[in-house]
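Have a look at the structure below, then the notes.
Lettering follows sequence order; numbering is per chain, from 1.
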2 protein chains.
Amino acid sequence: MISSIAELISDRIGTMPAGERRAAQTLIANYPLIGLKTVAEFSTASGVSSPTILRFVARLGFQHYPEFQSALQDELAAQLQSPASRTLNPPSPNGGAVSPLLEATLDNLRETFKHLSDKQLADIAARLADRRGKTFLIGGRFTDPLACYMAAHLAIVQPNVFHLTGQESVWRDRLIDMGKRDVLVIFDIRRYQDSLVRFAETAHQRGVQIVLFTDQWLSPIARFARHVIAGRTAVPSAWDSSAALFVVAETLIGAVTRQLEADSAKRIRELESLR
Amino acid sequence: MISSIAELISDRIGTMPAGERRAAQTLIANYPLIGLKTVAEFSTASGVSSPTILRFVARLGFQHYPEFQSALQDELAAQLQSPASRTLNPPSPNGGAVSPLLEATLDNLRETFKHLSDKQLADIAARLADRRGKTFLIGGRFTDPLACYMAAHLAIVQPNVFHLTGQESVWRDRLIDMGKRDVLVIFDIRRYQDSLVRFAETAHQRGVQIVLFTDQWLSPIARFARHVIAGRTAVPSAWDSSAALFVVAETLIGAVTRQLEADSAKRIRELESLR
DNA sequence: CAAAATACGTAACATACGATACAGCGCTCG
DNA sequence: CGAGCGCTGTATCGTATGTTACGTATTTTG
């Protein structure tokens, strides 16, 4: 049963030629407002010609463009009349195969943040924003991209941010640059990597402050860490999910940026002018 | 301060003549959809003539009727973009500073998946699981870690997965290895990178199938993409959030793994023994 | 109560919008 | 490699839509 136009589109998008598919994609991306504008606006937004738009709506089964618009409006009207139906629809209305994973991820996010106090996040953010020391980031096999993501953002708002990458021997040698005022952010989830544990231990001995992102079973690095963020990772999939850790990372990035606002604004302007 | 047109109306409805007041009342009653229809429909619904409708919108301060409609659409767009404000949910029950970002992220996830059909995901997963061709992944400044994350997983369950990294000239030269049977996964959100667009264009010309992860405003690469995944990125932070795209990526990773289950299990055992 | 001013609708007009015919192009298949 | 098909954009056309002028009705004021 197809109830909404959005479903109708995603149902037939596979059978569409390239141009109409582009129209479909822009409509889905800006659903449904682009469809309420004129054919000309819709077409330029999609980067196709107006006849293609008309062929697109014809393929959806509408006789005229206005008829298509009316359908969209009716749908919108139904949505606006009962806002409750929108909020309370998590019981997977589409019942598809992806929903379980989405539901699990949403739960993971909520659970993760429930066990995470504002104060803890504020403390970590303050530590990361402290510009007297350097910040190093590193991750494991699957989590190093998270370290990379975080480093990319932090490096913009403050100096002395380093993502440790490449060969183990290379980043291990960087230990020599680390001291008491420095922060080491480590991402490590199962199966925990020995190399990272050893690295963390040595860093700890040198007085480096360690911020650990790990799963709920806690990497052995937690022994040495000053701050531990335990994210839920269980999802109905062959792999663990790092989504919760990802969102915590984004939260911290936001907090650090806000904290450095005054300085970072100036810094960002400087960076812009360097382009 | 008057922010919405509805407020503007209730502000001035007292100074309006009878006919225009009827127009105002029917608009409020069916807000805002009546205003998006034609003047004729609006007028018959209100029981007045079309010039009265036009005088009504003129009194609200709009030069033309289309201008009035655009304003309504913009308002609707703002509402639909941030479901948090629309739903009457208690503004962060625990009142923490992190909650807004978490709430926004949860909304983004839900919205993103709402516009994503199971079929579309299944199509993409099938394409990625097709082992007759190679799979290349690349991302922009902030999204390359996502490409990296996805590549790390996909490379385990199947051969011929390559994360394009390093210098632009290096990965651009890899175009020579790409053909019709290959898939190129690109992550690109604002501000879209020219280099990626050019890369996508040439790849497209060579017949490479492009799977694009982008934001709701669609990277120009959408022109060349076979499949487009539009994720919500808006959060109350200085940065855009890639969390929605991250979860979609995890979903696809899971789907591909399930699809290749039989083969990948053997492959994973082999990998284990190589350690 | 009368006269003027305001409000409203009918009807004619112009514009801009959707629809269509046609030609060029790329792609597929023999 | 060539012929055929299908997709796409340009240019044109008809029409629905917003707009305006004007006359009538209604209310307001002296």
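- Judged as a salt bridge (Lys or Arg N to Asp or Glu O under 4.0 Å), the pairs with a partner in residues 56-79 of chain B (not counting sequence neighbours) are, in order, B/Glu20-B/Arg59.
- Looking only at side-chain heavy atoms (C-beta outward), B/Phe113 and B/Val248 come within less than 4.5 Å of each other.
- When the C1' atoms of four end pairs are superposed on the next four at each end of the helix from C/dC1-D/dG30 to C/dG30-D/dC1, using five pairs per end, the two resulting axes differ in direction by 30°, to 10°.
- With sequence neighbours excluded, the residues satisfying side-chain contact (heavy atoms from CB on, under 4.5 Å) with A/Thr165 are A/His163.
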Dump the pairs, protein N or O against N or O of nucleotides 22-27 of chain D, anything under 3.5 Å, distances to one decimal.
none

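- For B/Asp188 and B/Ser219, the side-chain atoms include at least one donor-acceptor pair closer than 3.5 Å.
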Identify all side-chain donor-acceptor contacts of residues 148-158 of chain B below 3.5 Å with residues at least two apart in sequence or on another chain.
| from | atom 1 | to | atom 2 | distance (Å) |
| --- | --- | --- | --- | --- |
| B/Tyr149 | OH | A/Ser242 | OG | 3.2 |
| B/Tyr149 | OH | B/Glu250 | OE2 | 2.8 |
| B/His153 | ND1 | B/Tyr149 | O | 3.0 |
| B/Gln158 | NE2 | B/Leu128 | O | 3.1 |

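- Taking atom CG of A/Leu54 as the reference point, atom P of D/dT10 lies 14 Å away to the nearest angstrom.
- For B/Ala244, the side-chain contact (heavy atoms from CB on, under 4.5 Å) test picks out B/Leu109, B/Thr112, with sequence neighbours left out.
- For DNA chain D, the residues of residues 56-65 of chain B within the heavy-atom distance limit of 4.0 Å (strictly under) are B/His64, B/Tyr65, sorted by number.
- Between B/Asp123 and B/Arg127 there is no salt bridge, since no side-chain N of the basic residue sits under 4.0 Å from a carboxylate O of the acidic one.
- Here the NE2-CD distance, from B/His115 to A/Gln25, works out to 14.0 Å after rounding to the nearest 0.5 Å.
- The distance from atom NZ of B/Lys37 to atom C1' of D/dG18 is 17 Å, rounded to the nearest whole Å.
- To the nearest 0.5 angstrom, B/Thr105 atom OG1 is 10.5 Å from B/Arg110 atom CZ.
- Contact between B/Thr26 and B/Ala45 at its shortest, heavy atoms only, is CG2-O, 3.8 Å.
- Of all heavy-atom pairs between B/Thr52 and B/Gly19, the closest is CG2-C, 3.7 Å.
- To the nearest angstrom, C1' of D/dA16 lies 12 Å from CD of B/Glu41.
- Between B/Phe224 and B/His204, the ring planes are tilted. Angles from 30° to 60° get that label.
- Within the structure, every pair that satisfies the salt bridge (Lys or Arg N to Asp or Glu O under 4.0 Å) test and touches residues 151-179 of chain B, not counting sequence neighbours, is listed here: B/Glu168-B/Arg172, B/Glu168-B/Arg198, B/Arg174-B/Asp177.
- Nucleotides of DNA chain C nearest to B/Arg22 and B/Pro66 differ in position, and the one nearer the 5' end is that of B/Arg22.
- Every residue meeting the ring pair (Phe, Tyr, Trp, His ring centres under 6.0 Å) condition with B/Phe68, not counting sequence neighbours, appears here in chain and number order: B/Phe62, B/Tyr65.
- For the segment residues 44-51 of chain B, the set of residues with a heavy atom within less than 4.0 Å of an atom of DNA chain C comprises B/Val48, B/Ser49, B/Pro51, in numerical order.
- You can see that DNA chain C meets the heavy atoms of chain A within a 4.0 Å-exclusive cut from C/dC17 to C/dT20, reading 5' to 3'.
- Smallest separation of non-hydrogen atoms from B/Ala225 and B/Leu212: CB-CB, 3.9 Å.
- For B/Thr202, the side-chain contact (heavy atoms from CB on, under 4.5 Å) criterion is met by B/Leu175, B/Gln205, not counting sequence neighbours.
- In this structure, CD of A/Glu67 is placed 15 Å from P of D/dA16, rounded to the nearest angstrom.
- Between the CD atom of B/Gln69 and the C1' atom of D/dT17 there is a distance of 10 Å, rounded to whole Å.
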